[in-house]
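Numbers restart at 1 for each chain; the letters A, B, ... are given by sequence-line order, proteins then strands.
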Number of protein chains: 2
Amino acid sequence: MRSTGSRTASANKVDLTARLRAAGLRPTRQRIALGKLLFGPHDRHVTAESLHQEAVKVGAHLSLATVYNTLHQFTGAGLLRQVIVDGDKTYFDTNTGDHHHFYYEDEGLLADIPGDHVTIDGLPRPPSGTEIERVEVVVRLKARG
Amino acid sequence: MRSTGSRTASANKVDLTARLRAAGLRPTRQRIALGKLLFGPHDRHVTAESLHQEAVKVGAHLSLATVYNTLHQFTGAGLLRQVIVDGDKTYFDTNTGDHHHFYYEDEGLLADIPGDHVTIDGLPRPPSGTEIERVEVVVRLKARG
DNA sequence: CCAGCACTTTAGAACAATTCTAAGATGTTG
DNA sequence: CAACATCTTAGAATTGTTCTAAAGTGCTGG
């Protein structure tokens, strides 16, 4: 039997509390509620608005400002990653590992590109004085017409 | 001696007028002024704000709203391409060919990745019902520290 | 050559996503 | 459990962008 603790471990309150504390964040009611929604069995892509609505739907009582705060704190703590594919809203991804995305432009939906089979060749080395922080591939999809 | 007309041909008024008309856009004073700034000898990355400031600097008299309108019309006509690398502002690229970008996060600057040596392997085929509209690679750079 | 109409421009209002502010609430520690 | 630092939040503020509607301009047909 495997112990919990993988990157996508499901999130019981104990785990979350520990994780939050490890990140220097007090385990408040709001952060725990959001953590439970985010760090479930599968990876997720949310926006502040979508997560807030979801939280309200399950009876959590918190403001949109708190959702924004929390998403940024989680990101700072390495629990989330920001993904920019649309100028209008910011997505947050619970998968913080190295991976890429499909973006369904019509629906504004994001999906991880499965597997890490993707390789990128022929990239020039970074200009002097700089270093690569990340290489992001976005495959923009549209409905087949 | 080569004739003009390449994708990055420098933009004299005659060329521009023709190009605009071909795109179904009346060659107005404002569009010509912006076209001259954009379609010069080298490719460029601008934002509405940066282009507006530049236009004002060279004495063109036009509003920010017109810059937004024009950038979108040019994009619709295939003269520009939008690049999304930052949630806060939209970049427009005069290079409409297949290519990728460096993004200097610290300075908010974009640069084309030279050459088209870049190849991406291992991408899954697009989910059924969809087709790939574009594959974008963004190499995020930070100052080496 | 110009009347007339469609297409453009524009100032300013409107908007949407996000951040800020500052005051009250809550978790933690001794 | 007192006391203080940390959090949350309502609402205002900001920012980039789009909209509106009224005035301006390019183009055509006669």
Side-chain angles (χ1 to χ4, degrees), chain A residues 13-14 16-37 45-56 59-77 79-80 82-92 108 110, chain B residues 13-14 16-37 45-56 59-77 79-80 82-92 108 110:
Chain A
K13 196 166 175 180
V14 175
L16 268 175
T17 298
R19 264 177 113 174
L20 291 174
R21 257 195 257 275
L25 298 171
R26 285 186 184 167
T28 64
R29 172 171 57 76
Q30 293 86 338
R31 301 212 263 232
I32 288 170
L34 295 177
K36 278 204 237 179
L37 292 173
H45 302 94
V46 303
T47 63
E49 194 65 59
S50 79
L51 183 60
H52 181 239
Q53 283 178 19
E54 199 181 333
V56 167
H61 221 282
L62 40 58
S63 73
L64 182 57
T66 298
V67 175
Y68 274 105
N69 290 162
T70 304
L71 287 172
H72 286 136
Q73 292 152 354
F74 284 10
T75 300
L79 304 175
L80 293 177
Q82 253 178 292
V83 184
I84 294 166
V85 285
D86 175 305
D88 286 347
K89 50 193 156 213
T90 301
Y91 290 83
F92 291 85
L110 211 49
Chain B
K13 198 167 175 181
V14 174
L16 269 175
T17 298
R19 264 176 114 172
L20 291 174
R21 256 196 257 277
L25 298 171
R26 284 186 185 167
T28 64
R29 173 172 56 78
Q30 293 86 339
R31 299 211 265 233
I32 288 170
L34 295 177
K36 278 204 237 181
L37 293 173
H45 301 93
V46 302
T47 64
E49 195 66 58
S50 79
L51 183 60
H52 181 239
Q53 283 179 19
E54 198 182 334
V56 166
H61 221 282
L62 39 58
S63 73
L64 182 57
T66 297
V67 175
Y68 274 106
N69 290 162
T70 303
L71 287 172
H72 286 136
Q73 291 152 354
F74 283 9
T75 300
L79 304 176
L80 292 177
Q82 253 178 290
V83 183
I84 295 168
V85 285
D86 175 305
D88 287 347
K89 51 196 153 208
T90 302
Y91 290 83
F92 291 84
L110 263 185

Roughly how many Å is it from CG in B/L51 to P in D/dG16, rounded to a whole number? 15 Å
Could you tell me the separation between the NE2 atom of A/H52 and the P atom of C/dA16, rounded to a whole number of Å? 17 Å
Nearest to the A/A48 side chain among C/dC7, C/dT18, C/dG27, which nucleotide is it? C/dT18
Please report the distance, rounded to the nearest Å, between CG in A/L62 and C1' in C/dT26. 15 Å
Quick check on C/dT10: is either OP1 or OP2 less than 4.0 Å from any side-chain nitrogen or oxygen of B/Q30? yes
Look at A/T28 and D/dT8 and indicate whether a side-chain polar atom (N or O) is within less than 4.0 Å of OP1 or OP2. yes
With a 4.0 Å cutoff (strictly under), does any side-chain N or O of B/R31 reach OP1 or OP2 of C/dT9? yes
Which part of the nucleic acid does B/T90 contact within heavy-atom distance under 4.0 Å: base, sugar-phosphate only, or nothing? sugar-phosphate
In whole Å, what is the span from the CZ atom of B/R29 to the P atom of C/dC7? 20 Å
Any heavy-atom pair between the side chains of B/H72 and B/F92 that's under 4.5 Å? yes
Find the distance B/L64:CG to C/dA13:P and express it as a whole number of Å. 15 Å
Atom-to-atom span, OH of A/Y91 to P of C/dT18 - whole angstrom: 10 Å
For A/T66, report the nucleic acid contact type (base, sugar-phosphate, nothing); a contact means any heavy atom under 4.0 Å. base
Reckon B/H61 touches a base, only the sugar-phosphate, or nothing at all at heavy-atom distances under 4.0 Å? sugar-phosphate
Measure the shortest side-chain to side-chain distance between B/L71 and B/Y91 over non-hydrogen atoms and say whether it is less than 4.5 angstrom. no
Is a donor-acceptor pair below 3.5 Å formed from side chain B/R26 to base C/dC7, judging by atom type as modelled? yes
Any A/R21 side-chain nitrogen or oxygen under 4.0 Å from OP1 or OP2 of C/dT28: yes
First encountered from the 5' end of DNA chain C, between A/N69 and A/L25: A/N69
Looking at A/I32 and A/L16, what are the two nearest heavy atoms and their distance? O-CD1, 3.6 Å
Taking side chain as C-beta onward, heavy atoms only, is B/R31 less than 4.5 Å from B/L34? no
When rounded to whole Å, the NZ to C1' distance for the pair A/K89 and C/dA17 reads 10 Å
Side chain of B/H72 only, heavy atoms from C-beta on: which candidate in D/dT18, C/dA11, C/dC20 is closest? D/dT18
For DNA chain D, whose closest nucleotide is more 5', that of B/Y68 or that of A/T70? A/T70
Can you identify which nucleotide, out of C/dG27, C/dT19, D/dT17, has its nearest atom closest to the A/P27 side chain? C/dG27
N/O donor-acceptor pair under 3.5 Å between B/H52 side chain and B/L62 backbone: yes
Separation of C/dT8 atom P from B/F74 atom CZ, nearest Å, is 11 Å
B/V46 backbone acceptor or donor facing B/S50 side chain under 3.5 Å: no
